[in-house]
Number of protein chains: 2
Amino acid sequence: MDLLSETSISEQLRQAGLRPTRQRLVLGTLLFGQGDRHVSAELLHAEAVAAGERVSLATVYNTLHQFKRAGLVRELAIGGSKTFFDTNVSNHNHFFIENEARLVDIPSEGIRVAGLPEPPDGMKITHVDVVVRLSQK
Amino acid sequence: MDLLSETSISEQLRQAGLRPTRQRLVLGTLLFGQGDRHVSAELLHAEAVAAGERVSLATVYNTLHQFKRAGLVRELAIGGSKTFFDTNVSNHNHFFIENEARLVDIPSEGIRVAGLPEPPDGMKITHVDVVVRLSQK
DNA sequence: ATTTGTGCAAATCGTTTGCATCTGA
DNA sequence: TCAGATGCAAACGATTTGCACAAAT
């Protein structure tokens, strides 16, 4: 576990009003210590356990939702049965690899959507998601 | 229940290799008798029961998946917890009304996606889904 | 008669929650 | 000290499945 990144994660948590507990630091380090990631709660829990840390799955779920509220991660409800959390909070879209239920970023410059219709009366657009579904050629 | 449409649905089922049973006809009529629809299994089951028909929820699920295999409906795993089935099988996209977990079609002419990147090695694009998420203004 | 479909209840899967216990400021 | 966090197990909602019974060709 990298002390330097734990220190900065500790800061981020503090600023988000979250106490930097041992398990939040562990999960934060796994999430933010290696560039952009797409993780399910299950996967993140498995990684923590594999790293020899004691964290319950319930805490992983709670923590991911707290991180989401704090704007540290984005939740992706893209299909498949599991929910993914994306450590890249900026505007971008995704490849979804169907037979692996895995996500890959598409850089934001890539895609442009033209011809969006007016939303129905009294509604506003909160987000436009583009998912490019892929399968083996 | 409309005899004429039941007859044609009966034909469609036969051609798809599905026996036109009572419950398939009921569900088919509810699905295809009123233009394009987005239904969850739960909703469709409720409609069948409300129409005085005896169908189990398990059969609704089974039937929707059979219809999907037959190309009569498309499955939409767009987020939220439930899966929707769309009776409009042609190419089009969706508004997703977040606080109602409801879907509305966007006509296919509406949206154009430009700048799609190359899929990774050995993969091909099966589908591009655009979901425009809406909330109350 | 044989194959296929159906209903029910139990099983599964991902996720959430209640609550007693622990921990960090 | 003591609000806030954690772990566990039970609760949950959506979906699937196993199997005895019923219906279609």
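Sequence lines set the chain letters: A, B, ... in the order given, protein chains first and strands last, and positions in each chain run from 1. When reading the values below, keep in mind they use all heavy atoms of this one structure, side chains included, and skip hydrogens, waters and symmetry mates.
Closest of all the heavy-atom pairs between A/Ser135 and B/Thr126 is OG-CG2, 3.0 Å. Taking both residues in full, the closest heavy atoms of B/Val128 and B/Asn93 are given as O-OD1, 3.9 Å, listed atom of the first, atom of the second, then distance.
One atom, NE2 of A/His45, and another, P of C/dG14, lie 14 Å apart when rounded to the nearest Å. Between B/Arg14 atom CZ and C/dG5 atom P the separation is 13 Å, expressed in whole Å.
The ring-ring contact (aromatic ring centres under 6.0 Å, His included) pairs that include a residue from residues 87-132 of chain A are A/His38-A/His94, A/His92-A/His94, where partners are two or more places apart or lie in different chains.
A search for salt bridge (Lys or Arg N to Asp or Glu O under 4.0 Å) contacts involving B/Arg22 returns B/Glu53, not counting sequence neighbours.
Counting heavy atoms of neighbouring residues, nucleotides and ligands inside a 6.0 Å radius, atom CD of B/Glu118 does not exceed 12 of them.
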Practice task
Using a 4.0 Å heavy-atom cut-off, write out nucleotides 5-17 of chain D from 5' to 3' as B (base contacted by protein), S (sugar-phosphate only) or - (no contact).
Solution key: SSBB-----SBBB
